[in-house]
Amino acid sequence: MNENNLNEQEIVRRETLSKLYELGINPYPAEEFKFSHYSFDILNNFIDENPEKFNNVSLAGRIMSRRIMGNASFAELQDSSGRIQLYFKRDSICEGEDKTWYNTVFKKLLDIGDIIGVSGYVFRTQMGEISVHVKEFKILSKSIKPLPIVKEKEGHIYDAFTDPDQRYRNRSVDLIVNTGVKEVFIKRTKLTNSMRNFLNSRGYLEVETPILQTLYGGAAARPFKTHHNTLNQTLYLRIANELYLKRLIVGGFDGVYEFAKDFRNEGMDRFHNPEFTQMELYVAYKDYEWMMNLVEEMVEKIAIDLHGDTKLKVGENIIDFKRPWKRFTMFEVIEHFTGIDISKMDETELLKTAKELGVETNDSMAKGKLIDEIFGECCESKLIQPTFITDYPIEMSPLAKKHRSIEGLVERFEAICNGKEICNAYSELNDPIDQRKRFEDQLKLAKRGDEEAMMLDEDFLKAIEVGMPPTAGLGIGIDRLAMIMTDSNSIQDVLFFPQMRPEIKQNSSESADFEEMGIPSDWVNVIQKAGYTKVEELKEVNPNKLHQQICGLNKKLKLGLKNPTQEEIKEWVQ
RNA sequence: GACUGAUUAGCUCAGCAGGUAGAGCAUCUGCCUUUUAAGCAGAGGGUCCGGAGUUCGAGCCUCCGAUCAGUCACCA
């Protein structure tokens with residue numbers, strides 16, 4: 001960070017830093033600060049009749065507001081559990097004659113954003129607010145970058161820090177300043193904990209499988225590609241972990257699951273981030289009917305763990321996760337929403353129907369893809385309450401087992417909720433001959449132009465040739481589920497650090513380039529501040545004008561530098 | 001990628017028929033011993049996203065570009 005980028009307020013804060021040092025105060029002390037309470041404990045347990053209980057408390061946190069009134073002042077301290085008001089009184093802070101700690105350190109050298117530790121006693125103000133009467137305070141970390149100040153009165157928020165771009169790029173500030181952001185992430189962790197507990201209680205084993213893979217598979221998506229130097233080999237970041245987990249089922253584990261970061265090199269929007277989290281589960285000797293029951297039970301439990309209720313508000317809707325959820329086959333739900341029975345149609349008829357329904361089509365679409373497109377276009381967004389859609393066309397499910405009774409379909413289901421898929425599951429295909437044929441069909445699709453057709457994975461085939469028990473498999477989108485469970489409108493709201501476009505940096509000359517011209521480093525900053533980012537620009541400027549500009553800035557910014565003479569400047573510029 | 005909208009002080013945002021910029025908070029200087037979006041008095045702070053054009057004159061109009069947002073498209 002270059003000095004010339006500092007704004008006035010940042011300069012002021014750096015000055016207060018040096019004043020603290022002059023007073024012998026270390027603004028970044030090394031030693032532990034022991035504190036007795038969190039703000040939450042005090043606010044919840046303080047009883048007016050019995051204030052002695054909180055006669056001597058200490059706590060630490062960040063100053064979020066200050067109201068200074070002569071010899072007494074109020075401030076708000078924010079710790080990890082919430083906020084509490086502090087009361088500073090001059091003669092309590094400074095019992096002797098020397099009032100420096102109140103008049104100077106507290107009033108002049110403390111800022112919003114500073115982290116302090118305080119000790120004192122708890123009381124209730126005339127306005128009825130439980131507060132800590134501070135007897136001693138200590139600076140634990142001085143903040144030299146001003147926070148955006150968000151104020152609130154009667155539930156109304158003023159000057160909110162709302163620009164999504166700024167919030168996501170600067171998540172630390174977002175978490176400090178915007179109430180409710182932390183809760184979303186705490187809920188997300190509760191969600192995964194709840195799910196993990198549920199799976200562990202059933203005896204399934206949490207495992208880890210490779211993220212760097214020589215072949216990507218298990219889903220239809222474009223991958224991120226990287227390179228391993230020692231092996232001199234292309235590797236891919238996984239798009240799914242399905243094929244590895246199934247190998248573990250072959251290996252004799254009856255139930256395995258993984259919370260997996262997967263990576264897909266595709267579009268970004270409020271439902272898609274290039275890296276996202278999926279929980280995949282495989283259980284031997286089960287089928288997709290059994291898995292539907294498990295999903296219902298698990299998600300219902302998560303809703304209760306998070307909200308104490310199966311019902312919750314998501315956007316405009318109340319969603320109820322109470323079992324049992326509705327179940328439709330894909331053909332049924334399409335007929336339900338379009339009035340058209342497509343179950344007997346061939347590819348030509350489907351193409352015609354799709355066009356009639358206003359579904360965009362192209363030549364690479366085969367029968368299965370067309371059905372999926374019709375579903376996606378006409379049904380998915382209308383399914384708000386959790387609903388299972390079952391029995392998908394075989395062409396788009398190369399890893400799922402053929403339906404036990406209906407030709408052309410597979411035993412697959414998705415759960416749709418709030419108009420979006422939240423999970424996908426199959427009775428897993430364990431017939432190695434059929435599996436090989438399905439991979440070969442995918443290759444044909446790829447030749448037809450389907451960029452997402454799956455690759456043939458010889459090692460995986462080898463594994464299931466050894467023999468995989470009948471298995472039910474599930475992939476559940478954790479981010480999507482977290483969005484629903486936290487009523488978030490965008491995936492970026494449930495990811496601490498969502499992928500962002502890189503910030504554009506102006507291509508400017510390095511400070512060293514200016515110094516080579518003979519300009520002292522102190523003045524390089526000033527020149528850059530004056531708007532000259534490239535040395536070439538400086539060579540064209542009138543030296544007298546430059547002299548005036550930078551001397552003016554020196555004065556304006558109170559830099560305290562000794563102004564150069566006009567002759568010196570001419571020498572720089574020549 | 002398409003369309004629509006946005007970009008003005010550290011933050012949130014005004015601004016007019018095109019006449020050279022304003023509020024609140026934040027900052028700085030005072031005052032104020034229980035306030036709470038504290039208050040009062042004063043001050044500083046802006047290449048009005050960048051570039052070009054029209055004009056006597058552009059924050060405002062036109063064109064080009066950048067970035068962000070929303071919608072759509074793409075995307076299990």
Side-chain angles (χ1 to χ4, degrees), chain A residues 6-13 15-16 64-76 83 85-92 102 107-108 111-113 123-129 131 133 145-169 173 177 218-222 239-240 262 264-274 278 360 362 368-369 372-373 375-376 380 389 392 396-397 399 412 414 416 420-424 451-452 454 475 477 480 489-490 492 500-504 506 529-533 549 556-558:
Chain A
L6 298 181
N7 64 43
E8 184 193 351
Q9 291 184 36
E10 290 171 318
I11 292 164
V12 168
R13 292 222 179 173
E15 283 165 4
T16 64
M64 295 305 289
S65 72
R66 293 199 306 161
R67 295 181 284 279
I68 294 177
M69 321 176 303
N71 294 332
S73 305
F74 292 89
E76 275 181 296
R83 284 189 190 187
Q85 179 168 268
L86 305 179
Y87 176 63
F88 291 83
K89 192 175 172 183
R90 191 227 281 147
D91 297 334
S92 300
Y102 183 78
K107 278 171 73 171
K108 301 264 171 76
D111 288 295
I112 289 169
F123 73 112
R124 193 185 284 275
T125 66
Q126 289 178 2
M127 298 301 289
E129 179 149 351
S131 309
H133 186 126
K145 200 165 188 68
L147 289 173
I149 309 294
V150 178
K151 299 211 169 184
E152 192 186 338
K153 189 188 189 181
E154 288 156 9
H156 194 357
I157 294 174
Y158 299 82
D159 297 340
F161 177 59
T162 52
D163 181 356
D165 186 54
Q166 292 297 317
R167 285 183 49 215
Y168 303 140
R169 283 190 201 282
V173 170
V177 140
R222 279 174 285 165
I239 58 172
D262 292 338
R264 297 186 185 176
N265 206 342
E266 290 171 346
M268 286 162 63
D269 60 30
R270 68 191 186 93
F271 290 105
H272 299 87
N273 195 64
Q278 251 197 124
E360 281 198 32
N362 67 53
K369 187 83 178 165
D372 188 51
E373 288 294 322
F375 171 74
E380 193 172 12
I389 306 299
Y392 282 61
M396 28 170 327
S397 314
L399 302 167
R412 169 177 177 182
E414 291 189 356
I416 313 288
K420 278 281 167 187
E421 168 201 342
I422 56 171
C423 79
N424 181 20
E451 280 190 73
E452 295 184 336
M454 256 177 232
R480 298 267 177 93
N489 194 36
S490 157
Q492 295 171 309
M500 302 292 286
R501 205 178 291 273
E503 278 189 287
I504 308 297
Q506 273 194 343
K529 183 88 185 170
Y532 302 100
T533 54
Q549 274 185 314
K556 182 169 147 192
L557 300 176
K558 298 169 189 154

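A note on names: the letters A, B, ... follow the listed sequences, proteins ahead of strands, and every chain is numbered from 1.
Here, U8(B) and C49(B) have their P atoms 6 Å apart, quoted to the whole Å. Using P as the reference atom, G18(B) and G57(B) are 16 Å apart when rounded to the nearest Å. With both ends at atom P, the span from U62(B) to U55(B) equals 16 Å, rounded to whole Å. Here the separation of A52(B) from G42(B), taken at their C1' atoms, is 43 Å to the nearest Å. Between G70(B) and U36(B), the two C1' atoms lie 37 Å apart (nearest whole Å).
Among U35(B), C28(B), G30(B), the nucleotide with an atom closest to any side-chain atom of D111(A) is C28(B). The listed nucleotides are U35(B), C68(B), U33(B); the one nearest the side chain of E129(A) is U35(B). Distances were taken from every side-chain heavy atom of I68(A) (C-beta onward) to each of A38(B), C32(B), C28(B); the shortest belongs to C32(B).
Secondary structure note: stems in RNA chain B built from 3 or more consecutive Watson-Crick or G-U wobble pairs under 3.5 Å occupy B:1-7 with B:66-72, B:10-13 with B:22-25, B:27-31 with B:39-43, B:49-53 with B:61-65.
Note on K153(A): a base of the nucleic acid sits closer than 4.0 angstrom, heavy atoms only. As judged by a 4.0 angstrom heavy-atom cut-off over every strand, Q85(A) is placed among the base-contacting residues. Residue-level contact check: E414(A) touches neither bases nor backbone, having no heavy atom under 4.0 Å from any strand. Residue F271(A) is classed as having no contact, given no heavy-atom separation below 4.0 Å to the nucleic acid. Using a 4.0 Å heavy-atom criterion, one finds that Q126(A) contacts the bases of the nucleic acid, with or without backbone contacts as well.
With sequence neighbours left out, the side chain to side chain donor-acceptor pair (under 3.5 Å) criterion links R167(A) to D174(A). With sequence neighbours left out, the side chain to side chain donor-acceptor pair (under 3.5 Å) criterion links D111(A) to K142(A). R83(A) is linked by a salt bridge (charged side-chain N to carboxylate O under 4.0 Å, His left out) to E76(A), counting only residues two or more places apart in sequence or in another chain. Partners of D163(A) by salt bridge (charged side-chain N to carboxylate O under 4.0 Å, His left out), not counting sequence neighbours: none found. Residues satisfying the ring pair (Phe, Tyr, Trp, His ring centres under 6.0 Å) test with Y87(A), not counting sequence neighbours, are F74(A), F123(A), H133(A). With sequence neighbours excluded, the residues that form a ring pair (Phe, Tyr, Trp, His ring centres under 6.0 Å) with F88(A) are F106(A), F137(A). Among residues two or more places apart in sequence or in another chain, the salt bridge (charged side-chain N to carboxylate O under 4.0 Å, His left out) test is passed with R412(A) by E414(A). The side chain to side chain donor-acceptor pair (under 3.5 Å) test applied to R67(A) returns Q85(A), not counting sequence neighbours. For the side chain to side chain donor-acceptor pair (under 3.5 Å) test, no residue two or more places apart in sequence or in another chain qualifies with N265(A).
With rounding to whole Å, R67(A) atom CZ is found 11 Å from U35(B) atom P. The nearest whole Å value for the distance from the CZ atom in R90(A) to the P atom in C31(B) is 11 Å. Distance, F74(A) CZ to A37(B) C1': 16 Å, rounded to whole Å. At whole-Å resolution of the value, CZ in R66(A) and P in U33(B) are 17 Å apart. E8(A) places its CD atom 13 Å from the C1' atom of U29(B), with the value rounded to the nearest Å.
Under the 4.0 Å criterion applied to side-chain N and carboxylate O atoms, K145(A) and E10(A) are assigned as salt-bridge partners.
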>> Treating primed atoms plus P, OP1 and OP2 as sugar-phosphate and everything else as base, which nucleotides of nucleotides 7-14 of chain B get B, S or - for protein heavy atoms under 4.0 Å?
In response: ---BSB--
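By the 4.5 Å heavy-atom criterion applied to side chains, V150(A) and D159(A) are not counted as neighbours.
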Please list each protein N or O that sits under 3.5 Å from an N or O in nucleotides 70-74 of chain B, with the distance.
unit_1	atom_1	unit_2	atom_2	d
C74(B)	N4	D269(A)	OD2	3.3

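Checking the phosphate oxygens (OP1, OP2) of G24(B), no side-chain nitrogen or oxygen of K151(A) falls inside 4.0 Å.
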